[in-house]
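So the structure is just underneath, and the comments pick up after that.
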Amino acid sequence: MSESKNYKIETKCVQSGYTPANGEPRVLPIYQSTTYKYDSSTHLGDLFDLKAPGHMYSRISNPTVDAVEKKIADMEGGTGAVLTSSGQAANLLAILNITSAGQNIISMSSIYGGTINLFAVTLKRLGIEVRFVTPQMSDEEVASHIDENTRMFFGETIANPALVVFDIERYAKIAHDHGIPLVVDNTFATPILCRPFEFGADIVIHSTTKYMDGHAQVVGGVVVDGGRFDWTKGDKFKELTTPDESYHGVVYTKDFGVENAYFTKLRVQLIRDFGTPLAPMPAYLLNIGLETLALRMERHCSNALTVAKYLEQSDKVAWVNYPKLEGNSEYALAEKYLPLGACGVISFGVKGGRDAAVKFMDSLKMATIVVHVADARTSVLHPASTTHRQLTDEQLVDAGITPELVRFSVGIENVEDIIADIEQALEASQK
Ligand SMILES: *Cc1c(COP(=O)(O)O)cnc(C)c1O
């Protein structure tokens, strides 16, 4: 493991997490077992008390899952990672790990629709308030939302689907000035395009369902611990710094070190209690996706930029949003945080509003309508009538979505075929 920490990101994609010993399988095996065998009940007792490392039950950990967690932690530059059954579970557990009823978190308003539902409806029912802020607010205005019960600051590196780029350094400073961690959902950027820990983030989350898997095969999520936030400063994070009664008084920051406290607690307490692990087979498939992530992201980015430039000059397109287009409101932030590219997702408005947008989508031949994004195959979605349909008009505007917005997820096919498909569908949209 220590050696792989020094590898470049492309090498980590392939090599990190699993290193077979002499005569062992070259490819990460699928440990399709819920249980593990022990020579003595004393040893098992030590596992239950977290005194010895090892696996006891696959709801909490499993060797296949463990290898993929180590790979992702390595790729992000974190101290540890916990895979979850979905990106939604990753977001939920990342918050509940350090936030309880009566407390609150701060979130950027431009975020994934599913996360808005979780924040604005379900967390509220659990007694956790989410306070939304926008990039237009001054630092002082943002800070005015933080009080002694605030537990974290949340944003998405590239917001899905508004494609607003998160100014990680700016908000890391505000968060740290107030003694709270910055939590970044890095799903769209992936660690290939941006590693938020390098800009001061403390916790990174992914829906691995998207680019990390990349083949639309397995729903999954991950929470990665940057290991640098000092939970012992101040007395906010008592759940990490005082005894956990459900483990005979383990103190996470003391017994596992400040750098491992957050992800250890998330696994042994929250995955244990809520029961949202990733299973071995999906972890195995995810790992295959990760091996080619660097190559795929390169192609997604170059294809998307070419498509965005094509759309920009088309007289059948009202507007194009892609952070790497010069003149885009996010261009400067994208240059800073996403030097290699801004992923494969473009949003644009077809001239003629909602009806023309629907006609365009229905006329595509290669690109398909799916409730998914960030797939190797080019795909397309109309958020206002699908993923974001439960939002109010006001929430839609806050999330940066208009009725004619088409979310176009550029795949890794030959870009000429993608543009030819768009061209004929745009033609049809105006009839
Ligand atoms: C898809 C997505 C999620 C939710 O992930 P699932 O794996 O679908 O549960 C969370 N955040 C972002 C940015 C996403 O794109």
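First listed ligand is number 1; within each ligand, the first listed atom is number 1.
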Subject >> Atoms in ligand 1 with a heavy atom of Ser86 nearer than 4.0 Å >> reply: 7 (O), 9 (O)

Subject >> NZ/NE/NH1/NH2 to OD/OE distance under 4.0 Å, Lys336 and Glu169 >> reply: yes

Original post:
Under 3.5 Å between some N or O of ligand 1 and some N or O of Phe188?
Top reply: no

Original post:
Is the closest heavy atom of Gly220 to ligand 1 under 4.0 Å?
Top reply: yes

Subject >> Short N-O contact, Asp177 and Lys173, less than 4.0 angstrom >> reply: yes

Original post:
What part of Val373 sits under 4.0 Å from ligand 1 if we count only heavy atoms: the side chain, the backbone, both or neither?
Top reply: neither

Original post:
Between Lys351 and Glu404, is there a salt bridge with N-O shorter than 4.0 Å?
Top reply: no

Original post:
Looking at atom 7 (O) of ligand 1, what's its closest protein heavy atom, distance included?
Top reply: Thr209 OG1, 2.6 Å

Subject >> Between Thr150 and Asp147: side-chain donor-acceptor atoms closer than 3.5 Å >> reply: yes

Subject >> Atoms in ligand 1 with a heavy atom of Gln88 nearer than 4.0 Å >> reply: 4 (C), 5 (O), 6 (P), 9 (O)

Subject >> Aromatic plane relationship, Phe132 with Phe119 - under 30° parallel, 30 to 60° tilted, over 60° perpendicular >> reply: tilted

Original post:
Which residues satisfy the ring pair (Phe, Tyr, Trp, His ring centres under 6.0 Å) test with Phe348, sequence neighbours excluded?
Top reply: Phe360

**OP:** For atom 6 (P) of ligand 1, grab the closest protein heavy atom and report residue, atom and distance to one decimal in Å.
**Re:** Gly87 N, 3.3 Å

Original post:
Going by the order shown, which atoms of ligand 1 are within less than 4.0 Å of some heavy atom of Asn91?
Top reply: 10 (C)

**OP:** Using a strict cut-off of 4.0 Å, indicate which atoms of ligand 1 neighbour a heavy atom of Glu156.
**Re:** 13 (C)

**OP:** Give the atoms of ligand 1, by number and element, whose distance to some non-hydrogen atom of Lys210 is under 4.0 Å.
**Re:** 1 (C), 2 (C), 3 (C), 14 (C), 15 (O)

Original post:
In terms of ring plane angle, is the pair Phe229 and His176 parallel, tilted or perpendicular, where the classes change at 30° and 60°?
Top reply: tilted

**OP:** Look at atom 11 (N) of ligand 1 and find which of Leu118, Asp185, Thr115, Asn160 reaches it with the closest heavy atom.
**Re:** Asp185

Original post:
Under 4.0 Å between a Lys/Arg side-chain N and an Asp/Glu carboxylate O for Lys309 and Glu312?
Top reply: no

